[in-house]
Undergrad: 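Supplied in structure tokens, the structure appears directly below.
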Number of protein chains: 2
Amino acid sequence: MEETKEFYSVEEKKLARYAKALSHPVRVYICDILSKQACCYSGDLAEEVPIARSTLSQHLKELKNSGLVQGEINPPKIKYCLNKENWAEAQQLFKEFFK
Amino acid sequence: MEETKEFYSVEEKKLARYAKALSHPVRVYICDILSKQACCYSGDLAEEVPIARSTLSQHLKELKNSGLVQGEINPPKIKYCLNKENWAEAQQLFKEFFK
DNA sequence: CCTTTGTTTCGTAATTTTACGAAATACGAA
DNA sequence: TTCGTATTTCGTAAAATTACGAAACAAAGG
């Protein structure tokens, strides 16, 4: 079946993408931390969160792919922060969506 | 590994659940319609949306399970509406989350 | 009762997600 | 260069998601 070219709006697709990034409690938890206390390291999270480091790394990768989070290399650590611009975009999209 | 009993907060889990419900464009689309123009029937959606009726039915089921949407049987049709109470809860959760 | 209408459930397949431990990578320090 | 630390990627497995068409269901109308 030929994809009905761009049936969904850009906003709908963006919102779905951000929602997907937030569809797992650990990713919500990570964002909660990042939004409340600036940046943090993968290792700091690994000590708190009840999952394997490799799994945590996967979740961080997904958050990065969604655009909500960015990682700054600061060897040998990697500092994760919110991506302010995309965070604001997501905020706006959800705000519009719910009203 | 024993699940660290209730590691995530109730809010984090609820938000993840709502986010999951909104993690597919068609479900965002359906909610968009329901939030803008009251209720509608599965068949009305099926005519617009480029997916099989059975697949649409699955998505509606997920929206119902998440609590965002409710269905009223009105034979032989089923009328879908937003669940206002849960909608408001989700709105509030996302609002708090992003600020 | 049989048919039509609107919708969901079933069976199935392909893809994606989630998870883990082991191995790889990258860098600074000894 | 070798070691130690911090983190990611790889390989893999189990479970969930997404999708479809066929079959089932439920109620109204003939």
Undergrad: Which of the following nucleotides, D:dA16, D:dT8, C:dT9, is nearest to the side chain of B:S54?
TA: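 The answer is C:dT9, which lies nearest to the side chain.
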
Undergrad: Between C:dT9, C:dT8, C:dA19, spot the one nearest the side chain of B:K61, thanks.
TA: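 Of C:dT9, C:dT8, C:dA19, C:dT9 is nearest to the side chain of B:K61.
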
Undergrad: Hey, what do you get for OH (A:Y29) to OG (B:S9), rounding to the nearest 0.5 Å?
TA: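 Atom-to-atom, A:Y29:OH and B:S9:OG are 9.5 Å apart.
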
Undergrad: For the side chain of A:T55, starting at C-beta, report the closest nucleotide among C:dA19, D:dT18, D:dT7.
TA: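 Looking only at heavy atoms from C-beta outward on A:T55, the closest nucleotide is C:dA19.
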
Undergrad: Touch check for B:K64, heavy atoms < 4.0 angstrom, all strands: base, sugar-phosphate only, or nothing?
TA: nothing

Undergrad: Which part of the nucleic acid, if any, lies within reach of B:Q58 when heavy atoms closer than 4.0 Å are counted: base, sugar-phosphate only, or nothing?
TA: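 The answer is base, as B:Q58 lies within the cut-off (heavy atoms under 4.0 Å) of a base atom.
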
Undergrad: Just the rounded figure in Å: distance from P of D:dA16 to CZ of B:R17.
TA: 14 Å

Undergrad: Minimum heavy-atom separation for B:C40 and B:L34, please, with both atom names.
TA: SG-CD2, 3.6 Å

Undergrad: When the distance from CG of B:N65 to P of D:dA16 is rounded to whole Å, what number comes out?
TA: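 After rounding, the gap between these two atoms is 14 Å.
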
Undergrad: Calculate the interatomic distance between A:L56 atom CG and D:dT9 atom P; express it in whole Å.
TA: 13 Å

Undergrad: Kindly say whether the aromatic ring centers of B:Y18 and B:W87 come within a distance under 6.0 Å.
TA: no

Undergrad: Report the residue from A:L60, A:T55, A:I51 that forms a side chain to side chain contact (heavy atoms under 4.5 Å, CB included) with A:V26.
TA: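 Output: one option passes, namely A:I51.
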
Undergrad: Taking the side chain of B:K20 as its heavy atoms from C-beta onward, which of C:dT7, D:dT17, D:dA19 lies nearest to it?
TA: D:dT17

Undergrad: I need the CG-P distance between A:L60 and D:dA6, as an integer number of Å.
TA: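 A:L60 atom CG is separated from D:dA6 atom P by 16 Å.
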
Undergrad: Respond yes when some side-chain nitrogen or oxygen of A:H59 is under 4.0 Å from OP1 or OP2 of C:dA19, and no when none is.
TA: yes

Undergrad: What is the distance, to the nearest angstrom, from the CD atom on B:E47 to the P atom on C:dT5?
TA: 13 Å

Undergrad: Could you please name the option among D:dT8, D:dA16, C:dT8 that lies closest to any side-chain atom of B:S57?
TA: C:dT8

Undergrad: Taking CD1 from A:I30 and C1' from C:dT18, how many angstroms apart are they, rounded to a whole number?
TA: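 It is 13 Å, rounded to the nearest whole Å.
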
Undergrad: For the side chain of A:R27, starting at C-beta, report the closest nucleotide among C:dT18, D:dT18, D:dC20.
TA: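 Between C:dT18, D:dT18, D:dC20, the one nearest the side chain of A:R27 would be C:dT18.
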
Undergrad: Strictly distance-based, threshold 3.5 Å: is any side-chain N or O of A:S23 a donor or acceptor partner for the main-chain N or O of A:K20?
TA: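 A pair under 3.5 Å: yes.
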
Undergrad: Rounded to the nearest Å, what distance is computed from the CD atom of residue B:E62 to the P atom of nucleotide C:dT16?
TA: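 Value for this atom pair: 16 Å.
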
Undergrad: Nearest to the side chain of B:I51, which nucleotide is it out of D:dT18, D:dC20, C:dA19?
TA: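 Among the listed nucleotides, the one closest to the side chain of B:I51 is D:dC20.
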
Undergrad: Specify the separation, in whole Å, of atom CZ of B:R53 and atom P of C:dT7.
TA: 7 Å

Undergrad: Where the side chain of A:Y80 is defined as all heavy atoms beyond and including C-beta, which of C:dC20, D:dT8, C:dT18 is the nearest nucleotide?
TA: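 Of C:dC20, D:dT8, C:dT18, D:dT8 is nearest to the side chain of A:Y80.
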
